[in-house]
Amino acid sequence: MAHHVRPTTGVSAFNRGMKSVLIVGASIAGPALAWWLHRYGFEVTVVERAPALLPGGYKVDIRGAALDVVAQMGLKDRLEGLGTDMRFMSFVNSTGRRLVDVRADLFMGRGEADLEVMRGDLSQILYDETRANVDYRFGDTVTGLNAVTGEVTFEHADAQSYDVVIGADGLHSTVRRLAVAGDGVHDLGHLVSIATVPNHLELDRWELIYSVPGRTVNLYSTARDTDAKVLFLFSADQPYERQDTEQQLRILNTTFRGAGWETDRLLEAAATSDDFYFDTVSQVQLDRYSVDRVSLVGDAAYCPSFASGQGTSLALVGAYVLAGELSRSTPATAFPAYEQLMRPYVARNLKLGRDNLGRMISKSPLQSWMGAMMLRVLPKLPLKDTLVAKVTQPIHDASRAIELPSYQTVS
Ligand SMILES: Cc1cc2nc3c(=O)[nH]c(=O)nc-3n(C[C@H](O)[C@H](O)[C@H](O)COP(=O)(O)OP(=O)(O)OC[C@H]3O[C@@H](n4cnc5c(N)ncnc54)[C@H](O)[C@@H]3O)c2cc1C
């Protein structure tokens, strides 16, 4: 692993007083940051709006620099044990006939060392690893925030002051809106919905993809999962209420009902699933990640969109760098250092998200057909490896586009 070792002055004056940190959001970035901050001697509180840790979500990749981070956290073996172990992806037509089967690693551009796990499993591991040392408060949120004094008001708990406040509260971050920047969300013109559904096609580590212009349905089941996950991705710019699941289901129905294949059955199953997820495909692009005592990490700061396949890796790497910089100095120095290290890496991965989305959804029947044909003939082409490398190289390059500093741990 390439380490860029900077001289360290040991436990910083800022850290020595066991400074208090409030993290908003307990998904991936929040618990990962809590893990590192506790290790550096900070007192960490995490407030999460949901009443308990949220289950669900799609399979997520851990690649490149993020692999080094989970290795340093001692989590690599456990995550490997929870790997999805996907074998094949098949494109199906409206009657369910498999048009082409592609090896999963070829399709996803997965390198040998890369990990793929379920988002809910990763979140649970990070929570389990930190819950004994971190004060988790579920079912509450931040209503006001003074970035200069660090005073925070909550929906339920009494107001309190913290030395540092970090927003790890995702794409629609409240901390970002309250303290750092107005918005910074760039809508990529698509909506995505994900739900756990019965595995009625008895898929075994196999993913099926059904694509018609402007709309794609994916269905898969991973290792050890008795259920399946369905993903609906579609071009749309209509507004919707984030808390209104009924409305979101209506949008899905209007868009997908009668689209062919198993779509109608999957719509019904998604409607009764208990982890229904619905969101815009968006990126976050900010002029700055921090102000005074407040900073952002993960999707709240630099969501690359699910199409990049890199949101989780960015969150893990961001947590490592932000905590490491805070272990060395005050926010006034640590926050700009964190931002400077992250910027080029973030830019590469945001570009990847925009480029990938174009490939995930076809604009015309001809484009769908050509995509399927390309994948069908690919394994037989003499220059197969060169062609695959051309598609997968940008993913590997983006995942490694940061040199992780080596930070000293408080003993
Ligand atoms: C239930 C769920 C399912 C997901 N499924 C997928 C998926 O299938 N594919 C994919 O690519 N990405 C998915 N994501 C997003 C993915 O987790 C992130 O892209 C990535 O892992 C970075 O994580 P994050 O911790 O920065 O943000 P997120 O995972 O979005 O987590 C943000 C957390 O903050 C909490 N929160 C939000 N606002 C507040 C507030 N005001 N106060 C307190 N807490 C708040 C949220 O409840 C959530 O727990 C999902 C996220 C969630 C929460």
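Model, not experiment: these values are computed from the prediction. Numbering of ligands and ligand atoms starts at 1, following listing order.
- Here the two rings, on Tyr58 and Tyr277, have centers that are 6.0 Å apart or farther.
- Sorted by first and then second residue, the salt bridge (Lys or Arg N to Asp or Glu O under 4.0 Å) pairs involving residues 212-225 (not counting sequence neighbours) form an empty list.
- The pair Arg328-Glu325 counts as a salt bridge, with a side-chain nitrogen and a carboxylate oxygen less than 4.0 angstrom apart.
- Legend: residues meeting salt bridge (charged side-chain N to carboxylate O under 4.0 Å, His left out) with Arg348, ordered by chain and number and at least two apart, are absent.
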Check ligand 1 against the protein and report each N/O to N/O distance under 3.5 Å, formatted as atom name, atom name, distance.
unit_1: ligand 1; atom_1: 8 (O); unit_2: Tyr58; atom_2: N; d: 2.5
unit_1: ligand 1; atom_1: 19 (O); unit_2: Asp299; atom_2: OD1; d: 3.3
unit_1: ligand 1; atom_1: 19 (O); unit_2: Asp299; atom_2: OD2; d: 2.6
unit_1: ligand 1; atom_1: 21 (O); unit_2: Thr312; atom_2: OG1; d: 3.0
unit_1: ligand 1; atom_1: 25 (O); unit_2: Ile28; atom_2: N; d: 3.0
unit_1: ligand 1; atom_1: 25 (O); unit_2: Ala29; atom_2: N; d: 2.9
unit_1: ligand 1; atom_1: 26 (O); unit_2: Asp299; atom_2: N; d: 2.9
unit_1: ligand 1; atom_1: 29 (O); unit_2: Ser27; atom_2: OG; d: 2.6
unit_1: ligand 1; atom_1: 31 (O); unit_2: Ser27; atom_2: OG; d: 3.3
unit_1: ligand 1; atom_1: 38 (N); unit_2: Arg49; atom_2: NH2; d: 3.2
unit_1: ligand 1; atom_1: 41 (N); unit_2: Thr141; atom_2: OG1; d: 2.9
unit_1: ligand 1; atom_1: 41 (N); unit_2: Thr174; atom_2: OG1; d: 2.8
unit_1: ligand 1; atom_1: 42 (N); unit_2: Thr141; atom_2: OG1; d: 2.7
unit_1: ligand 1; atom_1: 44 (N); unit_2: Arg49; atom_2: N; d: 3.1
unit_1: ligand 1; atom_1: 47 (O); unit_2: Glu48; atom_2: OE2; d: 2.6
unit_1: ligand 1; atom_1: 49 (O); unit_2: Glu48; atom_2: OE1; d: 2.7
unit_1: ligand 1; atom_1: 49 (O); unit_2: Glu48; atom_2: OE2; d: 3.4

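- Partners of Asp227 by salt bridge (charged side-chain N to carboxylate O under 4.0 Å, His left out), not counting sequence neighbours: none found.
- Using a 3.5 Å distance cut-off with no hydrogens or angles, the side chains of Arg119 and Ser27 do pair a donor with an acceptor.
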